[in-house]
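To keep things clear, I will list the structure first and then write my remarks on it.
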Amino acid sequence: MTKEFTIQAKPYGFELDLETTALIIIDMQRDFLYPGGFGEQLGNDVSTTSSIIPNVKRVLDKAREKGMLVIHTREGHRPDLTDLPASKAKRGGGIGEEGPMGRILVRGEYGHDIVDELQPIEGEVILDKPGKGAFYQTDLETILKNKNIKSLLLAGVTTHVCVQSTIREANDRGYECLMLEDCCAAFDKKDHEDSIRMINQQGGIFGWTTESKNLLEAIN
Ligand code: TIU
């Protein structure tokens with residue numbers, strides 16, 4: 001039996017079936033949320049990105065309660081950095097260098113992992129990705145196909161980079177995307193707000209956006 005809901009969203013209601021919808025939490029890693037990581041090394045204030053942790057946790061708890069597929073992504077590279085394009089390396093952030101949380105954005109390091117509050121539990125997918133979009137050089141599409149997923153709820157950081165890249169990639173592959181506005185953050189508030197507008201403009205050119213309370217109230 002399917003469980004269908006309509007979530008109040010922009011530009012119009014988002015039809016949601018819990019059995020064919022996955023929650024994808026993008027890069028809620030210490031390197032983007034805590035001081036000393038990649039985000040701060042790029043010159044950003046990480047208090048904005050870390051502020052959404054409680055909102056994401058509420059949605060994660062609800063997704064777990066409802067038995068939805070949960071996917072956690074982590075941006076990062078092999079310890080030998082052979083998957084790190086020179087173009088990305090030279091733009092800064094100190095990828096591969098030693099920081100207070102280990103080597104920056106390197107798989108297996110403390111800073112590369114997901115923050116304590118949102119740690120994955122058994123049965124949830126952890127997806128390591130070398131790029132900004134979650135489909136690039138990963139098996140995300142295979143996982144979604146195998147699990148009969150048609151729609152994605154998106155949370156995570158940063159709104160204008162990895163969240164938006166993933167929404168664009170998903171949209172081209174035919175997935176319906178609902179971005180949870182207060183469960184996403186950019187270092188700069190304007191980048192966040194502009195991204196929301198870019199997603200839901202022109203009749204939902206890349207998808208829908210909403211506040212998480214609309215989702216939580218509807219599927220409660
Ligand atoms: N720099 C920035 O805003 N973001 C990233 O580099 N990666 C993610 O968004 N995860």
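This chain uses plain numbering: 1 for the first residue, then up along the sequence. Atoms within a ligand are numbered from 1 in the order they appear, just like the ligands themselves.
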Counting heavy atoms only, which part of Thr158 comes closer than 4.0 Å to ligand 1: side chain, backbone, both or neither?
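It is both backbone and side chain that touch ligand 1.
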Which residue and non-hydrogen atom of the protein lie closest to atom 8 (C) of ligand 1, and at what distance in Å?
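Looking at atom 8 (C) of ligand 1, the protein heavy atom closest to it is Cys162 SG, 2.7 Å.
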Quick one: nearest non-hydrogen protein atom to atom 1 (N) of ligand 1, plus distance?
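I find the closest protein heavy atom is Leu42 CD1, 3.6 Å.
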Close-contact set for ligand 1 against [X] heavy atoms, below 4.0 Å:
{"X": "Glu75", "result": "5 (C), 6 (O), 7 (N), 8 (C), 10 (N)"}
{"X": "Phe38", "result": "6 (O)"}
{"X": "Phe32", "result": "4 (N), 5 (C), 6 (O), 7 (N), 8 (C), 10 (N)"}
{"X": "Asp27", "result": "8 (C), 10 (N)"}

Candidate list Asp31, Asp113, Asp27, test side chain to side chain donor-acceptor pair (under 3.5 Å), partner Arg74, passing option
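Testing each of Asp31, Asp113, Asp27 against Arg74, the sole residue satisfying side chain to side chain donor-acceptor pair (under 3.5 Å) is Asp113.
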Given Met28, Lys132, Arg91, Lys88, which one has a non-hydrogen atom that is nearest to atom 6 (O) of ligand 1?
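Considering heavy atoms of Met28, Lys132, Arg91, Lys88, the nearest to atom 6 (O) of ligand 1 sits in Lys132.
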What do you reckon, does Val157 have a nitrogen or oxygen under 3.5 Å from a nitrogen or oxygen of ligand 1?
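Right, the criterion is met.
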N/O to N/O below 3.5 Å, does that happen between Lys129 and ligand 1?
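Min N/O separation from ligand 1 is not below 3.5 Å for Lys129.
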Nearest heavy-atom pair of [X] and [Y]: which atoms, and what distance?
{"X": "Cys162", "Y": "Ile26", "value": "CB-CG2, 3.6 Å"}
{"X": "Phe32", "Y": "Val157", "value": "CB-CG2, 3.8 Å"}
{"X": "Glu75", "Y": "His112", "value": "O-CD2, 3.2 Å"}

Would a distance-only check, ignoring hydrogens and angles, find a side-chain to backbone donor-acceptor pair under 3.5 Å from Asp182 to Glu211?
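Checked: no pair found.
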Do any N or O atoms from the side chain of Glu109 and from the backbone of Arg103 form a donor-acceptor pair under 3.5 angstrom?
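Between the backbone of Arg103 and the side chain of Glu109 there is a qualifying donor-acceptor contact (under 3.5 Å).
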Output all residues satisfying ring pair (Phe, Tyr, Trp, His ring centres under 6.0 Å) with Phe5, sequence neighbours left out; order by chain, then residue number.
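Phe5 satisfies ring pair (Phe, Tyr, Trp, His ring centres under 6.0 Å) with no residue once adjacent residues are dropped.
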Any Gln29 heavy atom less than 4.0 Å from ligand 1:
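It does not, in that no heavy atom of Gln29 comes within the 4.0 Å cut-off of ligand 1.
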Apply the side-chain contact (heavy atoms from CB on, under 4.5 Å) test between Phe187 and each candidate in Asp45, Thr49, Val161; give the one that qualifies.
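Exactly one option meets the side-chain contact (heavy atoms from CB on, under 4.5 Å) with Phe187, and it is Thr49.
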